[in-house]
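Report on one structure; see the data block that follows.
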Amino acid sequence: MPDAITQEYLTLRDRYIESCFANLNPVQRQAVFTTEGPLLILAGAGSGKTTVLVNRIANIIRFGKAHGSAVLSRPVTRADIDHLKATMESRRAPSQDQLRLLAVEPARPWNVLAITFTNKAAGELKERLKNMLGDTVGGDVNASTFHSACVRILRRDAERIGFPNSFTIYDSDDQLRVIKQIYKELMIDDKFLPPKSAISRISGFKDKLLSAADVAAEAPSDTKAALVSKIYTAYAARLRTAGAMDFDDLIFHTVRMLQKDAEAREYYQKKFRYIVVDEYQDTSVAQFHLVRLLAGGTRNVCVVGDDDQSIYKFRGATIENILNFEEVFKGARTIRLEQNYRSTSNILDAANSVIRNNNGRKGKTLWTENGTGDKVHHYTAASEQDEASHIADIIGQNLRAGARLRDHAVLYRMNAQSNPVETYFARAGIPYRIVGGQRFFDRKEVKDINSYLAVIVNPRDDVRLRRIINEPARKIGPTTVDKIAELAAGRGVPMLQIISEAATYPALSRSASALNSFYEMYRELCDLSVTLPLDEFAGEVIRKTGYEAMLKAQKEEGEARLENLGQLVNSVKTYADQNGEEATLSGFLEEVALIADIDSYDEENDTVTLMTIHSAKGLEFPYVFLIGMEDGVFPGDLVRYSEEDMEEERRLCYVGITRAKKELYLSSSRSRMIFGQTRRNPPSCFLSEIDPAVMDESESPELASGGFGAGYGSFGAGVPGGRSGYSGASRGYLNREYNAGFGSRYGSRSGFAATGGHESPRGPGARTLPSGGFGAGYGSSRQSAPAGAGSSTLLSTAPAAKKPAAGYAPGDLVDHKVFGRGKVIKVTPMAGDSLVEIQFDRVGVKKTLANYAPMTKFTET
DNA sequence: TTGGCTGCCTTTTTT
DNA sequence: AGGCAGCCAA
């Protein structure tokens, strides 16, 4: 029986700890104090999930399991009570001494493992932990993605399962190469089983933790399954000899290693006393096993997720992980965070009314104390151009009302949908940025150079070697390469070794000199790799391999690619700078391999963001446009017949809606060009699921007036009709011309920036990334004009552009659809058009092409 | 061996 | 519409 003083202290201790988390609501606080045992936090969208995670980890590190506990590290005295009271009143931090008494078995920062899905989420978590706990302590918490956590484990312990600790990571492109090679050797018909579907089936096996042997043992009955099994076996063997792992392997092999090796397992179980998993609804079977193995010691595992936001089933996520959590982890507690701090209640109502149509939910209904807000807007457009124009209109309105560009996001189902919006924004001079789509590190030229680096790091890497041996062309064709591969296989050595001894093989006599000079170059590069700083070395690779010369020989396209390589060198430099002595070539490649586009998304940049709904998960914006709300687009055609897929699609819709804080703009179009064909889609069934009471409907004037006719002269300068004439057929054909050349290929993905000066080519994201700042990513912050200038065809072949060359002169006053009024400060003639620099009253200096900018000249009255 | 061309095919989401 | 593979000609 505790004495009175002890009792008083304990009560006071609880009160004190609670006061440290006073900014949380009671349910959130409960989650923070539940530190021991399995815990499932069902966190609705915008319910302060990350805040809870950060505070919970802080609590574990600071106070351990003190809250609600009766344990004391030593007998307490009246003085301790007075001391604590004083601390509370002064609102100062407790002394070290006090903390020792307050805490019960606090964890060291490195005892905590927090797993997220993206590097960005991990970085954010770390950033917030640093803010709360200080740089040192916060920085020592293990916060990483599943994949990078596994890489770290395997770099230490891969040898336990027969891989070199220095294994290479194969991305999906490498994967495809290996598979194709296997197809060739086994003479498999790629019509019968497309390589991509073989990959996805293999990937599916790995997600379910089935090895090639497991699959073979199940004696697949039909021929296709048998074939897949055969391919899987060959594929796994190939990767093993190359000392390589693909993305799925990282998880798969980690789990296998931990299952097999008690020593390693216990090491990690001891090390990670507390495990937190974010986005648990998106975990696969393999990832579930990983979590269970790691948490096997203490069972202190906390998973956070929202079954309504599970949108990665196609990639192996199994929603059962979250639905069965309480069964698998016996004695688990469940806490529901249902108060939403993000959106207006109208937006939440819309989200709730959509998701309500799903079965098999854990069930939860979000509510908010935020105001009702405006209704959810739905606009019916005539075409995708009209849709884009409407978005631009609204953004313009919002800007004039004081919003920033970066407050806006345009979300869509598939990447292809970004095109019309991009085109329109580019023309209108709205700075935008695309997240996703073709990733910077997926570009051919970047991957080629990275492959050179990879072969230098790992001479056994035949896949990468094949990629670069004749790129640029060196007279080493596929026949020669196949011969080399054959010889290498026969001797059980890497291809590179055969190449080094090319002269000794009669079969290679004809290409011996080409092979010799290739090998010589390789040797030289290897030597340089140890003497030169990393970034200089990368530059040297681009030069010495002849890659630079090859690109220079091409014209515009080569130039853009060369620029990308310049950025590659930049990111090598960034990496080198950030890692100092630790920096290695293989370290760089590893970071590159695990980076995703969303990781380099930087909300500081003042641009509109365009991305898929998938990419937008976890983000929020005051103004969200959800475009393409049509049956056949969203939900897509492919999912209409499967109820399960339909539900996933609906969850995706729910995710999209709940990204919006203030305003949600839904739009559908009567007709849309899709896969090269114009289609007329009915409005999305999701639209009809939204309570009409919270919807505000409008439609394009083009539809009301029967379409064409009005304002045929478009928005060109000096053309009467001005703003109202701005919709209509003109836009249609303009757009087509525009598509012909502008911004279609390399380098222009990021749209263009204001010339305010703050937008430097350092690339977005460098700041938020803990590990590398590969922000250089998707396209430099280029300006539209240079991008467009290259495509003179755009203007010269356009059907007479149907309007006068816009005659602007410095000093002219203009009215721009989006940016409002401004004054022309500079005009540069360019490819039949003019680049106009305008000082706007509200938004500063912007550049835009005269013929395509939605603006009119006016004179002061 | 190379490079250019045609004609095919594919269209979701990504660590 | 666009990318890619495979074919063919040099």
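Predicted, not measured: the structure shown is a model, and the values here were computed from it. Letters A, B, ... mirror the listed sequences (proteins, then strands); counts begin at 1.
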Counting only N and O atoms by type, is there a donor-acceptor contact under 3.5 Å from the side chain of R361(A) to the main-chain atoms of D307(A)?
no
Please check if the side chain of H614(A) supplies one atom and the backbone of I311(A) the other of a donor-acceptor pair under 3.5 Å.
yes
Please work out if [X] contacts a base, only the sugar-phosphate, or nothing of the nucleic acid, heavy-atom cut-off 4.0 Å.
X: K196(A); answer: nothing
X: R510(A); answer: nothing
X: F146(A); answer: nothing
X: S148(A); answer: nothing
X: D282(A); answer: nothing

Protein-nucleotide distance ([X], atom [atom1]; [N], atom [atom2]), rounded to Å:
X: F518(A); N: dT1(B); atom1: CZ; atom2: P; value: 15 Å
X: E591(A); N: dT15(B); atom1: CD; atom2: C1'; value: 15 Å
X: I311(A); N: dT13(B); atom1: CD1; atom2: P; value: 12 Å
X: L515(A); N: dT1(B); atom1: CG; atom2: P; value: 10 Å
X: I476(A); N: dT2(B); atom1: CD1; atom2: C1'; value: 14 Å
X: Y654(A); N: dT13(B); atom1: OH; atom2: P; value: 24 Å
X: D248(A); N: dT14(B); atom1: CG; atom2: C1'; value: 11 Å
X: E649(A); N: dT13(B); atom1: CD; atom2: C1'; value: 9 Å

Counting only side-chain heavy atoms from C-beta out, which of dT14(B), dT2(B), dT15(B) sits nearest to T118(A)?
dT15(B)
Among dT1(B), dA1(C), dT15(B), the one nearest K475(A) by side-chain distance:
dT1(B)
If you assign E648(A) and N470(A) each to the DNA chain B nucleotide with the nearest heavy atom, which residue ends up on the more 5' nucleotide?
N470(A)
Need to verify one output field. Residue with the more 5' nearest nucleotide on DNA chain B, D645(A) or T480(A)?
T480(A)
So, are [X] and [Y] salt-bridged, with charged N and O less than 4.0 Å apart?
X: R679(A); Y: E630(A); answer: no
X: K49(A); Y: D278(A); answer: yes
X: E648(A); Y: R651(A); answer: yes

OP1 or OP2 of [N] sitting under 4.0 Å from any side-chain N/O of [X]?
X: N415(A); N: dT13(B); answer: yes
X: K180(A); N: dA5(C); answer: yes
X: S615(A); N: dT13(B); answer: no

Which residue in the set E185(A), K184(A), R177(A) passes side-chain hydrogen bond (donor to acceptor under 3.5 Å, both in side chains) when paired with Q181(A)?
E185(A)
ring centroid sep under 5.5 Å plus plane angle under 30, F314(A) with dT13(B):
yes
